[in-house]
Chemist: 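Got a structure here, written out as structure tokens. Questions coming.
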Number of protein chains: 2
Amino acid sequence: MLHNKMNQAGDKKFILRLSKYKRVLQQFKALGMERVFSNNLGDAIDVTPTTVRKDFAELNIPGSKRGGYVIDEVLKRVNELLEQDKPKKLIVVGCGKIGTALLMYKGFEQDGLMAVAGFDIDPKKIDPNATIPIFPLEELKTFVKKNNIKVGIISVPAESASRVLDLMIEAGIRGVLNFAPVELKYTKRFIAKNDHTAGCIIHNMHISPELINLFFLVKKQEE
Amino acid sequence: MLHNKMNQAGDKKFILRLSKYKRVLQQFKALGMERVFSNNLGDAIDVTPTTVRKDFAELNIPGSKRGGYVIDEVLKRVNELLEQDKPKKLIVVGCGKIGTALLMYKGFEQDGLMAVAGFDIDPKKIDPNATIPIFPLEELKTFVKKNNIKVGIISVPAESASRVLDLMIEAGIRGVLNFAPVELKYTKRFIAKNDHTAGCIIHNMHISPELINLFFLVKKQEE
DNA sequence: AATATTTTGTGAAATGTTACACAATAAAAT
DNA sequence: ATTTTATTGTGTAACATTTCACAAAATATT
Ligand SMILES: NC(=O)c1ccc[n+]([C@@H]2O[C@H](COP(=O)([O-])OP(=O)(O)OC[C@H]3O[C@@H](n4cnc5c(N)ncnc54)[C@H](O)[C@@H]3O)[C@@H](O)[C@H]2O)c1
Ligand SMILES: NC(=O)c1ccc[n+]([C@@H]2O[C@H](COP(=O)([O-])OP(=O)(O)OC[C@H]3O[C@@H](n4cnc5c(N)ncnc54)[C@H](O)[C@@H]3O)[C@@H](O)[C@H]2O)c1
């Protein structure tokens with residue numbers, strides 16, 4: 001289906017761009033547009049037009065030499081690849097400030113995402129009857145297996161993150177977005193005996209380093 | 001000071017790694033360690049030992065051939081470069097769910113960061129007497145100039161993001177971390193007449209695309 | 001119908017990043 | 001003292017990604 005781009009890591013950046021194209025194209029479409037040029041799109045997601053064309057070539061999306069790309073065609077192909085049609089169910093472990101913000105985030109829907117449950121160890125946080133229920137951590141495994149959840153967010157304090165990750169993987173989670181300020185990664189340590197567990201992909205979302213980076217760059221630009 | 005690494009963009013990834021080294025080294029130090037090896041550090045922040053050594057070479061941090069690197073020396077040099085000593089003051093514009101989580105985030109302190117004020121247009125959010133005060137948006141410019149703030153977070157709805165960015169830049173903000181699901185970027189449009197405004201560096205933190213990416217990778221791994 | 005213009009599509013070059021491989025050497029062991 | 005071992009430091013290679021440059025083709029203009 002996809003050739004060279006799809007290497008070991010699955011080419012994170014490429015997929016990231018696809019989901020950005022998608023969002024922008026939906027907006028363009030809502031504005032009544034039917035076609036786009038690589039430079040419009042490039043401007044919108046901040047890459048060069050060549051990158052856009054290369055990406056589309058990768059996806060076998062044909063453009064016409066002076067009419068650009070048909071938005072619907074691109075969206076169709078992108079959705080196909082991202083399987084954006086079915087809602088992508090995810091859970092949130094650690095329903096504190098940032099966990100709750102994510103759990104309740106209205107914007108997920110537009111991106112085909114759906115937070116279906118939260119988990120916490122603090123009894124005060126538990127609320128199984130809320131629109132998006134919050135369960136005690138003990139029920140994680142059952143819930144994940146029963147509902148066939150594959151992706152989850154970690155928003156617990158740093159010191160619990162690694163332990164929570166183990167639990168999640170054991171429960172069957174295969175993709176994790178981590179907000180705790182530790183570099184989580186998948187290791188096989190805990191599946192010594194019964195190794196039918198597949199790997200788990202972990203992406204770390206670190207906010208402080210991003211800010212520190214900004215301060216650095218700003219400083220540098222000033223000098 | 002730094003040579004080749006410091007190209008146009010200031011090498012985002014390199015600086016990102018530095019702030020991760022810092023965090024990990026602080027932890028190691030707290031554990032009583034005095035020295036580290038490139039492979040320990042590499043494991044901790046998930047890069048190869050070679051990358052660590054190359055980074056340290058870049059910073060002129062000497063290691064000893066069998067004793068590794070002295071943690072204090074590394075920290076000193078890293079802090080020097082990041083100017084990590086003085087607290088980095090930032091503001092948050094848009095004090096909704098995610099904005100408030102950030103504004104109140106305790107963890108910033110450990111990273112030398114300090115959220116000093118929030119801004120919002122909703123009168124209900126305003127609270128100038130809180131520990132971390134929230135002011136009406138109109139006061140942004142005065143506050144930023146008076147307190148010499150250079151970095152800010154955008155956590156307003158997507159449709160306001162671009163407008164808010166303009167305001168922030170006009171006020172004097174030079175670095176922005178954007179959580180709204182639009183690809184913000186610096187353009188000169190609004191400084192047509194009076195062009196003493198320096199540029200503004202904008203980093204976009206997009207959560208949905210990261211999750212979509214995870215779903216994609218998980219799916220791909222399963223097949 | 002002829003010409004000019006715009007935009008795609010892509011090979012090749014440039015750039016940037018990470019990893020390999022190994023000599024140099026400091027520390028430890030014998 | 002000598003040998004072994006572990007680890008840094010780095011030139012080079014491998015890989016990945018982005019950009020350049022331009023031919024090809026579709027549309028627009030004259
Ligand atoms: N708040 C922010 O803006 C922000 C920014 C960057 C990073 N982070 C990181 O995100 C994480 C959460 O931050 P927060 O501000 O929401 O903290 P918080 O204290 O508000 O929330 C943490 C939640 O996790 C729960 N919890 C603790 N241990 C748990 C466990 N083992 N299993 C399940 N739940 C558990 C707690 O009961 C609490 O509800 C932290 O690691 C923090 O460093 C937060
Ligand atoms: N909540 C999440 O987990 C999450 C996740 C990803 C992205 N985001 C994005 O972050 C942004 C904020 O999300 P949220 O969930 O906190 O929304 P929210 O509605 O809770 O908060 C938005 C806040 O911005 C304020 N605001 C609106 N216009 C403003 C303006 N012009 N100037 C100043 N303040 C203004 C509102 O009064 C409100 O307090 C949105 O763009 C959202 O898409 C949120």
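Fair warning: this is a prediction, and the values are worked out from it, not measured in the lab. As a basis for the values below, the full set of heavy atoms in this structure was taken, side chains included, without hydrogen atoms, waters or symmetry mates. In what follows, chains are A, B, ... by sequence order, proteins preceding strands, each numbered from 1.
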Chemist: Just how far, in rounded Å, is P of dT8(D) from CD of E58(B)?
Modeler: 18 Å

Chemist: Could you tell me the separation between the CD atom of E83(B) and the CD1 atom of I212(A), rounded to the nearest 0.5 Å?
Modeler: 12.5 Å

Chemist: Any carboxylate oxygen within less than 4.0 angstrom of a Lys/Arg side-chain nitrogen, looking at R77(A) and E80(A)?
Modeler: yes

Chemist: Which sits closer to the 5' end of DNA chain D, G67(A) or K13(A), going by the nucleotide each is nearest to?
Modeler: K13(A)

Chemist: How many whole angstroms separate atom CG of L41(A) from atom C1' of dT7(C)?
Modeler: 14 Å

Chemist: Side-chain N or O of Y69(A) versus OP1/OP2 of dA26(D): is the shortest distance under 4.0 Å?
Modeler: no

Chemist: Please determine if K29(A) and D72(A) form a salt bridge, counting it only when a charged side-chain N lies under 4.0 Å from a carboxylate O.
Modeler: yes

Chemist: Quick one: N40(B) CG to dT7(D) P, roughly how many Å, whole number?
Modeler: 8 Å

Chemist: In whole angstroms, how far is the P atom of dT10(C) from the CD1 atom of I61(A)?
Modeler: 13 Å

Chemist: Using atom CG of D46(A) as one end and atom C1' of dT18(D) as the other, report the distance to the nearest whole Å.
Modeler: 13 Å

Chemist: In Å, rounded to the nearest 0.5 Å, how long is the span from OH of Y105(A) to CZ of F179(B)?
Modeler: 11.0 Å

Chemist: Mind checking if F56(B) touches a base, just sugar-phosphate, or nothing, with heavy atoms under 4.0 Å?
Modeler: nothing

Chemist: Please report, rounded to the nearest Å, how far the C1' atom of dT10(D) is from the CG atom of N60(B).
Modeler: 14 Å

Chemist: Checking S208(A) side chain against F108(B) main chain: does a donor-acceptor pair fall under 3.5 Å?
Modeler: no

Chemist: From CG of N39(B) over to P of dG9(D), roughly how many Å is that when rounded to an integer?
Modeler: 14 Å

Chemist: For Q27(B), I'd like to know if atom CD has over 12 heavy atoms of other residues, nucleotides or ligands within 6.0 Å.
Modeler: yes

Chemist: Over all strands shown, is P49(A) touching base, sugar-phosphate only, or nothing at heavy-atom distances under 4.0 angstrom?
Modeler: nothing

Chemist: With no hydrogens and no angle check, is any side-chain donor or acceptor of D55(A) less than 3.5 Å from a backbone partner on L18(A)?
Modeler: no

Chemist: Could you pull out all residues at least two apart from F37(B) that satisfy ring pair (Phe, Tyr, Trp, His ring centres under 6.0 Å)?
Modeler: none

Chemist: Rounded to whole Å, how long is the line connecting atom CD of E73(A) with atom C1' of dT8(C)?
Modeler: 14 Å

Chemist: If an axis is fit to five pairs at each end of the helix from dA1(C)-dT30(D) to dT30(C)-dA1(D), what is the angle between the two, to the nearest 10°?
Modeler: 10°

Chemist: Determine, for nucleotides 19-25 of chain D in 5'-to-3' order, which nucleotides have protein heavy atoms under 4.0 Å from the base (write B), from only the sugar-phosphate (write S), or from neither (write -).
Modeler: BBB--BB

Chemist: Which of these, V47(B), I45(B), L25(B), sits in a side chain to side chain contact (heavy atoms under 4.5 Å, CB included) with K20(B)?
Modeler: I45(B)

